[in-house]
Q: 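Provided herewith is a single structure, encoded as structure tokens, for subsequent inquiry.
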Number of protein chains: 2
Amino acid sequence: MLEDAAAELFLEQGYPATSIEQITQRAGVSRNTFFNYFGAKADLLWIDLDHSIAALVGALATSGEASVGTPSGTALERLRALILAVAAEHPASRVPWAFSQAELMGTRADLEASAPARLLALSEAIASFVRAEFSEFIARTIGSVAVGAIAAGVAAWITAGVRRDPLQAYVAAALAPALAGFTDTPGDPS
Amino acid sequence: MLEDAAAELFLEQGYPATSIEQITQRAGVSRNTFFNYFGAKADLLWIDLDHSIAALVGALATSGEASVGTPSGTALERLRALILAVAAEHPASRVPWAFSQAELMGTRADLEASAPARLLALSEAIASFVRAEFSEFIARTIGSVAVGAIAAGVAAWITAGVRRDPLQAYVAAALAPALAGFTDTPGDPS
DNA sequence: CAAGGTTTTTGGACCGGGTGCAAGAACCCA
DNA sequence: TGGGTTCTTGCACCCGGTCCAAAAACCTTG
């Protein structure tokens with residue numbers, strides 16, 4: 001499998017010193033096959049998280065369309081529930097090695113460069129989800145703040161080590177205070 | 001000049017469709033000369049801002065070393081003064097075209113990818129500056145929050161159009177509420 | 001089993017960003 | 001005028017990423 005070969009090589013030689021050709025070579029496929037599975041080399045760093053990010057974006061989109069459906073509560077309550085549900089479904093075994101071994105593998109620069117595309121997409125999805133109940137400015141702010149809180153929670157989860165609690169706990173702890181200030185929101189900047 | 005040639009070409013053809021070779025060609029120099037002035041193509045997008053970012057990082061570093069020197073007040077007050085001083089020195093003519101013309105030039109993807117390196121460096125510099133008076137966690141939080149506020153202020157300044165107020169005003173407006181909550185800070189998460 | 005169509009894999013050519021190096025030009029200072 | 005330093009240039013190279021067309025693998029259906 002490509003992911004396994006990549007993780008091995010990144011541990012052995014570091015991420016920058018490992019070429020896509022080496023990865024595909026070890027996996028026993030041709031170089032072009034790599035791009036049938038990943039759009040870019042940096043996507044390898046996000047495989048563990050991309051699945052849950054996509055799941056969250058999808059859940060926000062579909063649950064946002066069925067506006068007055070089964071889910072109850074305010075938009076913020078439903079948002080919180082969706083985020084925690086996705087976090088709960090994230091497999092405990094899928095701890096992103098590109099983050100936990102960032103120093104060893106030398107993945108930091110490329111992680112930084114590839115992060116905004118994901119985080120901004122998530123922020124935008126969250127903003128759209130809460131847009132019906134808030135002003136445009138507040139909706140965007142909630143998107144940014146929620147992403148920041150999720151990132152902080154995931155980061156704490158990753159760095160907690162092998163005896164870590166489930167991801168849901170960290171995200172919940174970070175999310176609660178971050179969103180608390182938006183329940184009785186007065187509004188936009190004067 | 002390389003910057004002028006680049007800005008022209010980005011307006012004409014867009015950033016992704018413009019190669020470094022085209023830029024150097026129009027500027028009348030060889031391709032390798034480009035890398036004597038810029039470390040990467042994306043550095044062109046940040047020329048207007050990089051100068052002020054570096055100035056702020058430098059001011060934070062030197063003013064942080066001379067710990068009990070001329071500057072007075074709390075760390076947050078000195079931080080605010082330094083940020084606003086750098087903002088005040090930023091030339092009004094240097095509005096980053098890569099941001100204001102982002103849609104036209106197609107610079108968004110590369111702006112996103114190259115932003116974290118700058119923002120995280122600034123965040124780290126700010127955290128170091130206030131580290132003496134706050135806990136590690138709060139110092140980092142102040143770094144992140146301050147960068148977020150600065151970014152919001154700069155963004156508002158850029159989008160304000162030709163009749164914009166000085167940059168200092170926008171940054172001050174964004175910074176004040178962001179840092180207000182840290183003056184009487186109780187401390188870390190329980 | 002065989003034929004036919006679809007998906008996946010592969011090879012090859014290509015482009016552009018970025019690095020390293022060594023030769024040459026330009027510049028500066030005595 | 002000469003000599004040293006800095007800047008520029010050309011060249012070769014690596015790697016990530018795109019495009020395309022041929023071939024292989026796969027799946028289906030008669």
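Chain naming here is simple, since letters A, B, ... match the order of the sequence lines and numbering starts at 1 in each.
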Q: Within less than 4.0 Å of OP1 or OP2 of D:dC7, is there a side-chain N or O belonging to B:N36?
A: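 So the side chain of B:N36 is outside the cut-off, no N or O lying under 4.0 Å from OP1 or OP2 of D:dC7.
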Q: Within this structure, what is the CE-OH distance for the pair A:M105 and A:Y15, rounded to the nearest 0.5 Å?
A: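 Here the rounded value is 11.5 Å.
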Q: Write down the atom of B:A146, the atom of B:L175, and the distance for their closest heavy-atom approach.
A: O-CD1, 4.1 Å
Q: Provide, to the nearest angstrom, the distance between the CZ atom belonging to A:F35 and the P atom belonging to C:dT8.
A: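 The distance from CZ of A:F35 to P of C:dT8 comes to 18 Å, rounded to the nearest Å.
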Q: Check every strand shown and say whether B:T18 touches a base, only sugar-phosphate, or nothing at a heavy-atom separation below 4.0 Å.
A: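 It contacts sugar-phosphate atoms only.
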Q: Could you tell me how far apart B:D110 (CG) and D:dG17 (P) are, to the nearest whole angstrom?
A: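 In whole Å, D:dG17 P and B:D110 CG are 12 Å from each other.
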Q: Under 4.0 Å between a Lys/Arg side-chain N and an Asp/Glu carboxylate O for A:E12 and A:R26?
A: yes
Q: With a 4.5 Å cut-off on side-chain heavy atoms, are B:E133 and B:R78 touching?
A: yes
Q: Rounded to whole Å, how long is the line connecting atom CG of A:L44 with atom P of D:dG16?
A: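 Atom CG in A:L44 sits about 11 Å away from atom P in D:dG16.
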Q: What is the distance, rounded to the nearest whole Å, between atom CD of A:E21 and atom P of C:dT10?
A: 13 Å
Q: Taking for each residue the nucleotide of DNA chain D bearing the nearest heavy atom, is the 5' side occupied by A:G39 or by A:Q22?
A: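 Upstream on the strand: A:Q22.
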Q: Rounded off to whole Å, could you give me the CD1-to-P distance for the A:I23 and D:dG16 pair?
A: 8 Å
Q: May I ask you to verify if any side-chain N or O of B:T33 is less than 4.0 angstrom from the OP1 or OP2 atom of D:dT9?
A: yes
Q: Measure distances between side-chain N and O atoms of B:N32 and base N and O atoms of C:dG20, and say whether any donor-acceptor pair falls under 3.5 Å.
A: yes
Q: Using a cut-off of less than 4.0 Å, is there contact between a side-chain N or O of B:Y37 and OP1 or OP2 of D:dT8?
A: yes
Q: Starting at NZ of B:K41 and ending at C1' of D:dG17, how long is that distance when rounded to a whole Å?
A: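 In whole Å, D:dG17 C1' and B:K41 NZ are 13 Å from each other.
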Q: Nearest whole Å is fine: how far is D:dT9 P from B:Q25 CD?
A: 13 Å
Q: One pair to check against ring pair (Phe, Tyr, Trp, His ring centres under 6.0 Å): B:W46 and B:H51. What are the steps and the verdict?
A: CA-CA 8 Å; B:W46 291 86; B:H51 188 256; over 10 Å; no
Q: Reckon B:S30 has a side-chain N or O less than 4.0 Å from the OP1 or OP2 of D:dT8?
A: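 No, B:S30 has no side-chain N/O under 4.0 Å of OP1/OP2 on D:dT8.
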Q: C:dG16 C1' sits how many Å from B:L9 CG, rounded?
A: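 Atom CG in B:L9 sits about 15 Å away from atom C1' in C:dG16.
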Q: Tell me whether the side-chain N or O atoms of B:R31 pair up with the base of C:dG18 as donor and acceptor below 3.5 Å, since no angle test is needed here.
A: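 Answer yes: a donor N or O sits under 3.5 Å from an acceptor.
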